[in-house]
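Let me begin by presenting the structure, written as structure tokens, before commenting on it.
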Amino acid sequence: MGNDITGRKKDCVVPGHKYIWDIPEKFHVTILAVCLSENELTRLGVISGGRNAMNSCKLESLMLSAEGLHVHSAKSENIQQVLDAKFKLSLLRFGSAASTHDLEKLWQASMIAGEFRGAYWAVMTHHRTSLKMQESISQQVSVFSILNCCMHQQQKRKSCDLQRKMNVMGATLLEHQRQYRTTVCRYCSQIANLKNELSAAVYRADRLERHLELVRYRSNLLEKDDSQHRDFQITP
């Protein structure tokens with residue numbers, strides 16, 4: 001239990017749950033940077049909008065904003081409520097820890113699973129967490145965050161490289177499609193020309209056939225006339 005800024009009793013998610021103003025001030029920047037997204041930090045007024053809450057200009061803003069969190073105020077209470085609501089399941093899961101050893105086991109399991117944000121808030125606010133343990137897990141989170149950031153940057157570079165390759169492949173495919181359409185159009189034009197030439201050849205052959213028939217017909221007429229003429233001359 002604790003009191004809000006008006007003096008009223010405030011419920012905890014789990015019994016003995018610490019508040020952010022009860023946590024040593026040196027951990028506040030890490031808590032804000034690790035546990036809250038950039039959009040959440042912006043909505044809370046901790047940082048101004050930008051690309052990454054973990055870059056240098058945002059960290060400077062975080063350090064300035066974290067200065068007042070060691071004091072119980074409307075601002076620290078608002079952040080406390082947001083964190084408690086966001087990580088309620090983690091708080092309940094870690095709240096069942098009966099010893100520091102149990103806390104460490106839950107923490108290690110969360111780190112292995114990559115679900116360290118809620119676990120970090122739950123451990124930092126657990127009533128059994130000592131200052132030494134807070135320092136230890138904060139160092140682990142810092143290292144893990146750096147590695148995670150490096151992996152994210154590496155994946156981003158790979159994604160950009162893959163996108164560039166896809167763009168090149170897309171352009172190549174479009175060029176091949178253009179060449180294919182050009183080739184098909186050329187072949188279609190050649191086929192059309194061949195059809196026209198074939199039609200013209202058939203037409204000429206037909207005319208030639210009719211001409212030959214006419215020649216044969218005239219030749220037959222001439223032969224008949226010749227034969228009749230010879231017969232007429234032979235007859236006494």
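Computed from a prediction, not measured in an experiment: that's the story for all the values here.
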Sorted by chain and residue number, the side-chain contact (heavy atoms from CB on, under 4.5 Å) partners of His176 (sequence neighbours excluded) come out as Thr172, Gln179
### Query
Counting distance only, does the side-chain N/O of Gln81 pair as donor-acceptor with the main-chain N or O of Asn78 below 3.5 Å?
no
Rounded to the nearest 0.5 Å, the OG1 atom of Thr125 sits from the CG atom of Leu83 at a distance of 9.0 Å
So the salt bridge (charged side-chain N to carboxylate O under 4.0 Å, His left out) pairs with at least one residue in residues 93-107 (sequence neighbours excluded) are none
**Study point:** Gln80 side chain reached by Trp21 side chain, heavy atoms, under 4.5 Å
**Key:** yes
Hits for side-chain contact (heavy atoms from CB on, under 4.5 Å) against Ser199, two or more places apart or cross-chain, chain-then-number order -> none
Distance col, row Glu213:CD vs Leu208:CG, nearest 0.5 angstrom, shows 10.5 Å
Sorted by chain and residue number, the side chain to side chain donor-acceptor pair (under 3.5 Å) partners of Asn167 (sequence neighbours excluded) come out as Gln163
Smallest heavy-atom separation, Ser138 atom then Phe27 atom, equals OG-CD2, 3.3 Å
Taken to the nearest 0.5 Å, the spacing of Thr182 OG1 from Gln177 CD works out to 11.5 Å
Between Ser76 and Ser73 the two heavy atoms that sit nearest each other are OG-N, 2.8 Å
Residue pairs meeting salt bridge (charged side-chain N to carboxylate O under 4.0 Å, His left out), one or both in residues 180-208, sequence neighbours left out, come to Asp206-Arg210
Heavy-atom nearest pair, Leu91 first then Ala122, reads CD2-CA, 3.6 Å
Students should find that the hydrophobic cluster of Val168, defined by side-chain heavy atoms under 4.5 Å apart, otherwise consists of none
In this structure, CD1 of Ile79 is separated from NE2 of His28 (nearest 0.5 Å) by 9.0 Å
For Val184, the other hydrophobic cluster members (4.5 Å side-chain criterion, sorted by chain and number) are Tyr180
Donor-acceptor side-chain pairing of Ser90 and Tyr120 below 3.5 angstrom: no
Under 3.5 Å, sequence neighbours excluded: what are the donor-acceptor pairs made by side chains of residues 127-137?
unit_1, atom_1, unit_2, atom_2, d
Arg128, NE, Ala98, O, 3.2
Arg128, NH1, Ala98, O, 3.4
Arg128, NH2, Ala98, O, 3.4
Thr129, OG1, Val123, O, 2.5
Ser130, OG, Met133, N, 3.2
Gln134, NE2, Met124, O, 3.1
Glu135, OE2, Lys26, NZ, 2.7
Ser136, OG, Gln140, NE2, 3.3

Asn220 meets the side-chain contact (heavy atoms from CB on, under 4.5 Å) criterion, sequence neighbours left out, with Glu223
Here the gap from Thr100 atom OG1 to His126 atom NE2, rounded to the nearest 0.5 Å, amounts to 9.0 Å
Here the gap from Cys160 atom SG to Lys165 atom NZ, rounded to the nearest 0.5 Å, amounts to 12.5 Å
Here the salt bridge (charged side-chain N to carboxylate O under 4.0 Å, His left out) pairs for residues 167-180, sequence neighbours left out, are Glu175-Arg178
Those residues at least two apart in sequence (or on a different chain) that pass side chain to side chain donor-acceptor pair (under 3.5 Å) with Glu209 are none
Regarding Asp84 and His17, do their side chains bring together a donor and an acceptor under 3.5 Å, going by distance alone? yes
Sorted by chain and residue number, the salt bridge (charged side-chain N to carboxylate O under 4.0 Å, His left out) partners of Arg218 (sequence neighbours excluded) come out as none
Looking only at heavy atoms, the pair that brings Phe87 and Cys35 closest together is CZ-O, 3.3 Å
Candidate pair Ser110 and Phe116, rule side chain to side chain contact (heavy atoms under 4.5 Å, CB included), full reasoning:
CA-CA 6 Å; Ser110 299; Phe116 66 95; 5.6 Å; no
TODO: Show your working on side chain to side chain contact (heavy atoms under 4.5 Å, CB included) between Ile20 and Trp121 and close with a plain yes or no.
DONE: CA-CA 9 Å; Ile20 193 167; Trp121 175 244; 4.0 Å; yes
